[in-house]
Amino acid sequence: MKSSKDDEQSPRLEPETALVTRGRDTEAQKGFVNPPVVHGSTVLYPTAADLHAHRGEFQYGRHGTPTTRALQDALKALEGPQCAGVGLAPSGLAAISTTLLAVLKAGDHVLVCDNAYRPTRNFCNGLLSRYGVETTFYDPFIGAGIAALIKPNTRAVVTEAPGSQSFEMPDIPAIAAAAHAHGALVIDDNTWATPLFHRSLDQGVDISIQAATKYIGGHSDIMFGTISANAKAWPVIAETIRLLGVCAGPDDVYLALRGLRTLAVRLNQHHRSGLEMARWLATRPEVSRVLHPGLQSDPGHAIWKRDFTGASGLFSIVLKPAPQKAVDAMLDSLKLFGMGFSWGGFESLAVPFDCSEYRTATTWAPGGPTVRLHIGLENVDDLKADLDRGFAVFNAA
Ligand SMILES: Cc1ncc(COP(=O)(O)O)c(C=O)c1O
């Protein structure tokens, strides 16, 4: 590959190829494969006339650099033809809060899935409520039934596909059809599948969000968020990013771009290893249920098969009823599964969780303690052996 200037004439490429080639301009990069990491605030203008007119490819560090442009171009190609623009934020949560502030105003109503990432709920119940926006939480399995919850002032519907603790899979095309019939925008937290496995903008979503901290970064070493929007939503997203002064640090922008180049190979491995571990866990006597939409037994399987091309490495298990101290003893005994709240890196993780602490539209009663697992890039036989030892401790506790 010699050069990959992103212009309208570029051929449509398969996602894996787009991930490797887009956002690269060999000539501008003086022959180097990667763009420079531009640390910059001031951009100098050659003449007073250019300065008065704000004329120039780049105008101010916060508004974009060659590094941010490279990442935005690559992400836009991955999101597909519906994507009109990609905004960059310093974390996944900042991408979510910026989006909600962009599309909502005092007096509006927003519908949010009951399995949403908890800080998303906190933002709605906290800041949005103080600013006069009302939130209603809905059952993530609601599908077309969402129409019954839409009010004249409903401006947006938030989905998470699937919920990142409990893994209910929403019917996004059905939700989007109902939302659009009433003029509401659909915002999807697509962090679990990434646009590689779920082109949410092709399925009626107007704004697709990534906590790029997870799989796009891929190495547990950055905080980053992206906001990809269609032509209808992009102007207000772009304007709000500018008004709020949202931008990301150059080193994290670069690391997100570097992560993106290997996203396909990593995510395909997470898919394979995750499914193998999920199937193995489903046979364990200590496990009563595996919450993974890629399993045929999962209530969201048909939707996953229809709308997704793969699964990532994140899913949960419900254990047979046992005291929390047995679960904690098991977690403490694991050598390869670390305990930590982010995910999407190369390493395996295990964390206990309890959705009943915050759910309001649905009841969370799984019938036993729940643990979320992230299956990393280790050998699956080693991971099984680690969990096997952990289950022995669980049984003995
Ligand atoms: C589904 C989901 N969305 C958003 C976020 C927020 O991302 P960040 O940690 O980059 O703010 C997370 C983080 O765990 C998440 O799991």
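Atoms within a ligand are numbered from 1 in the order they appear, just like the ligands themselves. Bear in mind the structure is a predicted one, so any value in this text is a computation, not a measurement.
Stacking of Arg266 on the aromatic ring of Tyr215 is not recorded, the 6.0 Å distance cut-off and the 45° axial limit not both being met.
For ligand 1, the atoms lying closer than 4.0 Å to a non-hydrogen atom of Ser164 are 1 (C), 16 (O). Less than 4.0 angstrom separates some heavy atom of Thr213 from each of these atoms of ligand 1: 8 (P), 10 (O). The Met223 neighbourhood of ligand 1 comprises atoms 8 (P), 9 (O), 10 (O), with distances under 4.0 Å to a heavy atom of that residue. Atoms of ligand 1 found under 4.0 Å from any heavy atom of Trp343, numbered from 1 in the order shown, are 14 (O), 16 (O). Close contacts between ligand 1 and Leu93 involve ligand atoms 6 (C), 7 (O), 8 (P), 11 (O) [criterion: under 4.0 Å to a heavy atom].
Polar contact check, Ala211 against ligand 1: no nitrogen or oxygen pair lies under 3.5 Å apart.
By the side-chain hydrogen bond (donor to acceptor under 3.5 Å, both in side chains) test, Arg118 pairs with Glu357, sequence neighbours left out.
When heavy-atom distances to ligand 1 are checked against a 4.0 Å cut-off, Asp189 comes that close only through its side chain, counted from C-beta outward. Heavy atoms from both the backbone and the side chain of Ser91 come within less than 4.0 Å of ligand 1.
Using bins of under 30°, 30° to 60° and over 60° for the plane-to-plane angle, the ring pair His270/His374 lands in the tilted bin.
Each of Met223 and Ile96 belongs to its own hydrophobic cluster when Ile, Leu, Val, Met, Phe, Trp and Tyr are linked at side-chain heavy-atom distances under 4.5 angstrom.
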Kindly list each side-chain donor-acceptor pair under 3.5 angstrom involving residues 314-325, sequence neighbours excluded, with atom names and distances?
from: Ser316; atom 1: OG; to: Gln165; atom 2: O; distance (Å): 2.6
from: Lys320; atom 1: NZ; to: Pro285; atom 2: O; distance (Å): 2.6
from: Gln324; atom 1: NE2; to: Asp328; atom 2: OD1; distance (Å): 3.0

